[in-house]
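Here's the structure we're looking at; comments come further down.
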Number of protein chains: 2
Amino acid sequence: MHAARKLFSNSPYSAVSMSAIAEEAGVSKANLYHHFPSKDALFMAVLRCACSDSAALLSQVSGESGDVRRSLKSLALRQLHNMQADPEGARLVLREIFDSGPERGKLLAEQILRDNFSAKVRMLRSAQNRGELKADVDPAFVLFMISAANIMYFQSREVMKHLPDVTFAEDADRFGDLMADFLACWLVPERGPGP
Amino acid sequence: MHAARKLFSNSPYSAVSMSAIAEEAGVSKANLYHHFPSKDALFMAVLRCACSDSAALLSQVSGESGDVRRSLKSLALRQLHNMQADPEGARLVLREIFDSGPERGKLLAEQILRDNFSAKVRMLRSAQNRGELKADVDPAFVLFMISAANIMYFQSREVMKHLPDVTFAEDADRFGDLMADFLACWLVPERGPGP
DNA sequence: GTCTATATAATGATAGAC
DNA sequence: GTCTATCATTATATAGAC
């Protein structure tokens, strides 16, 4: 499964042969078919494993407390950090999100992403009630933009780093700073000490 | 090429066979090899065509004038509109951006994306000089965020529409409004008529 | 330009010995 | 559990007639 995960994360399903997986794992092709009934079953096992891994990583974030100024930034930074810490798993799940048709997209959303997403929306709603997050922003849109930025950064660095004026392509810290600045526009400005 | 474009945009390279393309086009497989020396050459021809199409569409935007308040929103809306108007071409180019390794990513950036991107950066820089765009924002980051949001919206609608609280997944107009609001946070507030 | 027919290699999957 | 050997199918690509 380790070999399969490596190969499936770098090439689409149809471009990875059972022979290649067997060679990468140092076993025979027939041995793979002894443990998994089919190529599809092996892929599904790898995907399920990667999903549970990233779900476990993501759930750490929602447990944090503190005001939304800190937790929103922490959410964004840790999401990117998790992807970079397990790029193979991230690529697997992202490919599934991007290339899946209606039926598989529904499964992915309802069985894997839904609970985590709802928990984060609730976090932002309560921040709005406390007056920390601007009342007229859509929590789901905020989460969408954070994910979009992180995923795009993670997936297109190889292209971006060859574009002029892109100072953050190979500097995750700078990207984090830019993100933090940008998130601030949705926050209610902190009260000064007053006159 | 029309048939190949259709199939390549819906499945990765290795999952599309020359037989399938021939059948889709209503010709024989050998006929394809008469016009293109190999499967790879056919794919490259399709990709080049799709890239020049989307480049032509994108270049319309940069010709617009007016202050940055209008042009930034117009830029974002038309980028999404162009992807939705030619989803096949968009998927082809996006797959290439996401899945390409270092060598192909460099080609894509330098030969296709670079000029357009630089033109847009210049547009935003001059807006900063005119005092319409906040001076402390990174023009490249602004463009990155716009593209990230549009691409993510375009690519993951099938997943998003099954998430609760996502009101914009099947409503491009609402998404456009949310984007416009969000872009406004980088603009210098318009001067009121004064006291 | 288009076809039928074919060459050659690789694919997913199986049989059966150890 | 692991292997060698093999099946049937499909893949890319070619040959040569019309």
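Just the heavy atoms: all of them, side chains too, but no hydrogens, waters or symmetry mates, feed the values below.
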Whichever of B/G26 and A/S38 has its nearest DNA chain C nucleotide further upstream toward 5': B/G26
- prompt: Which angle, to the nearest 10 degrees, lies between the helix axes at the two ends of the helix from C/dG1-D/dC18 to C/dC18-D/dG1, each defined by five pairs?
  reply: 0°
query: How close or far is atom P of C/dG12 from atom CG of A/L32, stated in whole angstroms?
result: 10 Å
- prompt: Does B/N31 have a side-chain nitrogen or oxygen under 4.0 Å from the phosphate oxygens OP1 or OP2 of C/dG1?
  reply: no
- prompt: Which whole-number value in Å describes the distance from B/K39 NZ to D/dT10 C1'?
  reply: 12 Å
field: Atom-to-atom span, NZ of B/K29 to C1' of C/dA7 - whole angstrom
entry: 11 Å
message: I'd like to know whether the aromatic ring centres of B/F182 and A/F182 sit less than 6.0 Å apart in this structure.
response: yes
field: Expected output: side-chain A/S52 to main-chain A/C49 donor-acceptor under 3.5 Å
entry: yes
message: Of the listed nucleotides (C/dG12, D/dT12, D/dG1), which one gets closest to any side-chain atom of B/Y33?
response: D/dT12
- request: Let me know the distance between CE of B/M18 and P of C/dA7, rounded to the nearest Å.
  value: 20 Å
task: Give a yes/no answer on whether the side chain of A/S19 brings an N or O atom under 4.0 Å of OP1 or OP2 in C/dT11.
output: yes
message: Using whole Å, what does the distance between atom P of nucleotide C/dA13 and atom CG of A/L42 come to?
response: 10 Å
- request: Could you check how far CD of B/E23 sits from P of D/dT12, rounded to whole Å?
  value: 13 Å
message: Would A/K39 pass as a cation-pi partner of A/Y33, given that its NZ or CZ must be under 6.0 Å from the six-membered ring centre and within 45 degrees of the axis?
response: no
- prompt: Can A/S100 and B/E158 be counted as having a side-chain donor-acceptor contact under 3.5 angstrom?
  reply: no
- prompt: If you check the A/H34 side chain, which of D/dG1, D/dA13, C/dA13 turns out closest?
  reply: D/dG1
Side chain proximity check, A/F175 to A/L80, heavy atoms < 4.5 angstrom: yes
message: Within the 4.0 Å heavy-atom criterion, would you say B/S28 contacts the bases, only the backbone, or no part of the nucleic acid?
response: base
Closest listed nucleotide, where the reference is the side chain of A/S17 and the choices are D/dT14, C/dG1, C/dT11: C/dT11
field: Over 12 foreign heavy atoms within 6.0 Å of CD, A/E24
entry: yes
message: So if I take every side-chain heavy atom of A/A30 and compare against D/dT4, D/dA13, C/dC3, which nucleotide ends up nearest?
response: D/dT4
- request: Measure from the side-chain heavy atoms of A/H35 and tell me the nearest of D/dC3, D/dG1, C/dT2.
  value: D/dG1
- request: Check whether the side chains of A/S126 and A/R130 place a donor and an acceptor atom closer than 3.5 Å, and report yes or no.
  value: yes
